Amino acid sequence: QVQLQESGPGLVKPSQTLSLTCSVSGGSIARGGYYWSWIRQYPGKGLEWIGYIYYSGSTYYNPSLQSRITISIDTSKNQFSLKLSSVTAADTAVYYCAREVATTTGGYLDYWGQGTLVTVSS
Amino acid sequence: QSVLTQPPSVSGAPGQRVTISCTGSSSNIGAGYDVHWYQQVPGTAPKLLIYGDTNRPSGVPDRFSGSKSGTSASLAITGLQAEDEADYYCQSYDSSLSGFAVFGGGTQVTVL
């Protein structure tokens, strides 16, 4: 059973960088066929896909966030990370890491972390 | 404003059948991308319910079923149970702006 767990600060000041790490257990992050993803959910409940990384290091980001996002992977630690720069109050959300099964017709998220609330406030 | 449109809420009595629609466009569902569904109980992470339009992961009861036609998809819950009260989200991919995963706005299911 694959398990994912997010970690990082729950409070970030405006204009600073949000940094989160996702630790994966129960399976190797270096196994092909999966994208390691970040998704966020706003307080009003809408879900937004942020981006993903493949074990090779290839990344794909939501175009609306691309200029502020960096996703990286550390296969030796079985972890992947998210950095979101220049945050504002609009970035306040629950952030989830998840595993996406890669398919040719649009992948799906089969395992999710429990989520971590990040509040942007001074 | 979500790329995929869902009704905000649906309700039904125990044992009834309810359906949730997910309406997209020619750049996502209509382009042939799969539709997936997630169930989210408040305070918990979304859980995969249906993948690849119609497939249920192991452990998901067969009272949940998915379908797709044209630019829309639907999730049906037959024999509604109290434990089905949750938020439901559809997800697909969109080929506009280089393509990425998109979600519906979510539908709250209430068991009367």
Side-chain angles (χ1 to χ4, degrees), chain A residues 1-7 20 22 24 33-54 58-67 69 71 90 93-117, chain B residues 1-6 8-9 22 24 27-60 66 68 73 86-108:
Chain A
Q1 177 86 348
V2 174
Q3 293 185 314
L4 298 94
Q5 176 71 56
E6 305 88 351
S7 60
L20 295 173
C22 182
V24 180
Y34 303 106
Y35 297 124
W36 301 96
S37 306
W38 289 97
I39 300 98
R40 65 183 179 182
Q41 185 167 33
Y42 298 108
K45 90 178 183 182
L47 289 163
E48 181 179 45
W49 178 80
I50 297 171
Y52 61 57
I53 189 165
Y54 198 52
S58 298
T59 54
Y60 198 62
Y61 300 148
N62 186 323
S64 69
L65 299 169
Q66 187 162 1
S67 63
I69 299 173
I71 299 177
V94 174
Y95 285 75
Y96 293 100
C97 60
R99 186 181 82 169
E100 177 174 329
V101 177
T103 76
T104 57
T105 49
Y108 56 92
L109 301 148
D110 62 346
Y111 288 100
W112 296 63
Q114 65 182 32
T116 186
L117 173 63
Chain B
Q1 198 86 353
S2 300
V3 174
L4 305 177
T5 302
Q6 298 179 233
S9 63
C22 175
S27 65
N28 42 67
I29 298 175
Y33 287 109
D34 288 342
V35 177
H36 319 295
W37 292 90
Y38 303 88
Q39 177 193 59
Q40 185 179 33
V41 175
T44 69
K47 167 193 166 187
L48 181 65
L49 199 64
I50 297 286
Y51 68 94
D53 301 337
T54 60
N55 303 291
R56 286 187 307 277
S58 174
V60 173
K68 186 176 81 176
D87 294 323
Y88 293 82
Y89 295 88
C90 60
Q91 178 243 315
S92 187
Y93 260 72
D94 195 290
S95 59
S96 63
L97 298 175
S98 302
F100 55 94
V102 291
F103 291 92
T107 299
Q108 182 177 39

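All of these numbers come straight from a predicted model, not from anything done at the bench. All chains are named by letter (A, B, ...) in the order of the sequence lines, taking the proteins before the strands, and each is independently numbered beginning at 1.
Contact of B/T44 with chain A is made through the backbone alone, with heavy-atom distances under 4.5 Å. Looking at B/Q108, both its backbone and its side chain come within 4.5 Å of chain A, counting heavy atoms on both sides. Within the 4.5 angstrom heavy-atom criterion, no atom of A/Y111 approaches chain B. Using a 4.5 Å cut-off between heavy atoms, B/N28 makes no contact with chain A at all.
When all heavy atoms of B/A45 and A/G113 are compared, the closest pair comes out as CB-O, 3.2 Å. Here the closest non-hydrogen pair linking A/Q41 and B/Y89 is NE2-OH, 3.1 Å. The two residues A/G107 and B/Y93 come nearest to each other via the heavy atoms N-CE1, 3.4 Å.
Side-chain contact between A/I39 and B/F103: present, with at least one pair of heavy atoms (C-beta onward) separated by less than 4.5 Å. Residues B/Y38 and A/L109 are in side-chain contact: their nearest non-hydrogen atoms beyond the backbone lie under 4.5 Å apart. Using a 4.5 Å heavy-atom threshold, the side chains of B/Q40 and A/W112 count as separate. Considering only heavy atoms from C-beta on, A/Y108 stays 4.5 Å or farther from B/D34 through its side chain.
The backbone N or O of A/G106 lies less than 3.5 Å from a partner atom in the side chain of B/H36, making a donor-acceptor pair.
The candidate from B/G104, B/G43, B/G52, B/P46 with the greatest count of non-hydrogen atom pairs under 4.5 Å with chain A is B/P46.
Within the model, atoms CG of B/D87 and CG of A/L47 stand 9.5 Å from one another, a figure rounded to the nearest 0.5 Å.
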